[in-house]
Amino acid sequence: MPRARPSRGPVTLLTDFGTRDGYAAAMRGVIASIAPDVQVHDAAHDIAPGDVAAASACLERYWQIYPPGTIHVVVVDPGVGGTRAALAVESGDRLLVGPDNGVLSATLAVDGARVHTIAEPRYLRAPVSATFHGRDIFAPAAAHLALGLDIAQLGPPSAAPVRLSPPAPERGPDGWRGSVVEIDRFGNLITNLPGTLLSAGARVRLGKVLIGEIRRTYAEVRSGEAVAVIGSDGRLEIAVRDGSAAQRFRAARGAEVRIEGTEG
Amino acid sequence: MPRARPSRGPVTLLTDFGTRDGYAAAMRGVIASIAPDVQVHDAAHDIAPGDVAAASACLERYWQIYPPGTIHVVVVDPGVGGTRAALAVESGDRLLVGPDNGVLSATLAVDGARVHTIAEPRYLRAPVSATFHGRDIFAPAAAHLALGLDIAQLGPPSAAPVRLSPPAPERGPDGWRGSVVEIDRFGNLITNLPGTLLSAGARVRLGKVLIGEIRRTYAEVRSGEAVAVIGSDGRLEIAVRDGSAAQRFRAARGAEVRIEGTEG
Amino acid sequence: MPRARPSRGPVTLLTDFGTRDGYAAAMRGVIASIAPDVQVHDAAHDIAPGDVAAASACLERYWQIYPPGTIHVVVVDPGVGGTRAALAVESGDRLLVGPDNGVLSATLAVDGARVHTIAEPRYLRAPVSATFHGRDIFAPAAAHLALGLDIAQLGPPSAAPVRLSPPAPERGPDGWRGSVVEIDRFGNLITNLPGTLLSAGARVRLGKVLIGEIRRTYAEVRSGEAVAVIGSDGRLEIAVRDGSAAQRFRAARGAEVRIEGTEG
């Protein structure tokens, strides 16, 4: 039997399945059975269980860096088996599949994005379990997309997919006010404040703690000191050199961050 | 030099090596040297050190989902360097290599399974260390299998490979009694009770705690509530929605689970 | 557009980025955009943040096992954005890219090793951020190397790359004295003492604790007992069977290990 050659790819996997139970491996097995020649990349499996916001932040870090034709699979799905739909998205020449719980919001905001529900049984694994749609819905759908399927063949358009809006920065009398929206493995506090808001002389404050002026890089402060930089995603980030800002300041997502003394 | 083309694949890796010391990377390096074009998938590396039962449960989740010709490598091997043999198994059109410590038991139970010991030096890495058979025995054997080798070429048949029997459910006067056989990353308690034992009206009890009737999905209870479902492997599973049943009930493997009020 | 075929590969990734934030996925996305057909392997992402010594020890475990033409990417880079250079190394027919902080020292010690700095903008991702050189410098450089680029095209030779010397064993009146240089996931204490120093009858001591004579394998002692073996890298290693020597002896890197009673 000639193998179906993938016309797209690679496929990336983002889940909260961890790396000890074989759930991600089951997804890979499904993909290997349908589209054996497509490359499959582990993007991240250690998202905290059910943490849709963390998964969104993670996805934003890479989904547009991958080349056109990439299929991103996102399974952080605390509502699995309930009434939420399964989605297939085409956005900016990339394809994505995942639950309709907001985790794909950023991809829906791109001009021209198309969204369909995944419903066509011929592209799913039978029987579809009530608890493991990664294996039974998202993996087979992704594999068929890798073979060239159009998302419209998976099911009807989705009329109103869930869109989560991350909190937006606000302009106050003393400057901009935003918040920590992500904490990474290093304990860096990543905010929703675009670096473009920071003019010369602006100071950064985390809650009541003055972090100081913006620096170009962690290396500009001494080991153990706190520093505010424009992170690799273009947003304001608070770090502790060779340490964890999250631990140092006992900061969690949602913590307030201010930019003071800006003229803009 | 023309490259030897793999006639089988992919190769999957299941180990307790973690993802920080480079042990799994050494295995990948060996495979890449022998069979550079075969795809290698990380199935799971965060099995607790030496936890053969957890590795078995993990393997069961994916080994038959992968397509025929897949080579599954399993290296959870607390007896490395001792007298236990190294095995190569052909079962249900898949191939497996791993230590003879019971971790491959489920694959041996399939009709027509063949089992050989891995002993032929030409297919091993020389010298074979006493402490890292993943690199020196299992990875090279898997790579040669990917190139088309028959398991019989690796060594003589294994007369009596170790077979571990997971505890079986028992029928008592009040219903079925089983136990927790696996706890996954989400803290879900996965039992040895097949879902087919659950008739309408049956109630599930964990130790002395009444969990309640079986539900179709986690989403049928409120956040924080315990729920009994038929999991994705077809067995009874106890979960806490958006939480961890293992933590809530301080349950460990072996904990008793009962199905009460069944007519069957 | 015809795809550029990789003439080298695979590419391996060793980082301290963890598996939850999408940093490694961003690197993979860059590589997939430039060299879509090259295989990319996750070597290890769970190095402790900034732990250059652990990354070096990890790298030594696999870099020469991979076949000629492999490109090893190492991004454990606490000085990112500072004055340290980015390096490309050709050593023993393998290629490596990583920060000039000593993490590549072992590869520089090989006869004939060539070292260049990575500076040529056409092979980097623009704009180069100050905090994520894995994505902006090392991943694109590695991808271009996979397509056949010579390291000399990336930038000028590096005159004096940082070389870290691991502590060397010392010969004393009572035998050899070395130290623990690595602690692996199993809690095994891996030393800098080559196994060739151990003659018959030699005894191993960790600090003041007598471990005993050298054994061939963990399996020669009972579960829970300490044992000294020649590990898979040829160096003396202290382990506890089915346990953790690091926990048992509260040992850290740098702990003294002695070989007593040797004649050599």
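Quick note on labels: first sequence line is chain A, next is B, and so on, each numbered from 1.
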| said: Heavy atom to heavy atom, less than 4.5 Å: which residues from residues 123-131 of chain A reach chain B? | reply: A:R125, A:S129, A:A130, A:T131
| remark: Per-residue tally against chain B (heavy atom, under 4.5 Å) across A:S33, A:A24, A:G82 peaks at A:S33
| field | Portion of B:D184 that has a non-hydrogen atom of chain A nearer than 4.5 angstrom | value | both
| field | Structural part of B:E220 lying under 4.5 Å from a heavy atom of chain A | value | neither
| Residues in residues 95-106 of chain A that sit under 4.5 Å from chain B, counting heavy atoms only | none
| message | Using 0.5 Å steps for rounding, measure from the NE2 atom of B:H41 to the CE atom of A:M27. | response | 13.0 Å
| request: Over all heavy atoms of both residues, which pair between A:R135 and B:D233 is shortest? Give the atoms and the distance, please. | output: NH1-OD1, 4.0 Å
| remark: Tightest non-hydrogen contact, residues A:R20 and B:C58, listed as O-SG, 3.7 Å
| task | Indicate yes or no for a side-chain donor-acceptor contact from B:R216 to the backbone of A:G81 under 3.5 Å, with no hydrogens or angles considered. | result | yes
| B:L59 portion near chain A, given a 4.5 angstrom heavy-atom threshold | neither
| request: Go through the atoms of A:A32 and report whether side chain, backbone, both or neither lie under 4.5 Å from a heavy atom of chain B. | output: both
| Among residues 43-51 of chain B, which ones touch chain A with a heavy-atom distance under 4.5 Å? | B:A43, B:A44, B:H45, B:D46, B:I47
| query | Who wins among A:D42, A:V80, A:D136 for the most heavy-atom pairs under 4.5 Å with chain B? | reply | A:V80
| query | How many angstroms lie between atom OH of A:Y23 and atom OH of B:Y62, to the nearest 0.5 angstrom? | reply | 14.0 Å
| message | Give the interface residues of residues 64-79 of chain A toward chain B, defined by a heavy-atom separation under 4.5 Å. | response | A:P78, A:G79
| message | Looking at B:R185, is its backbone amide N or carbonyl O close enough to the side chain of A:D21 to form a donor-acceptor pair, meaning the two atoms are under 3.5 Å apart? | response | yes
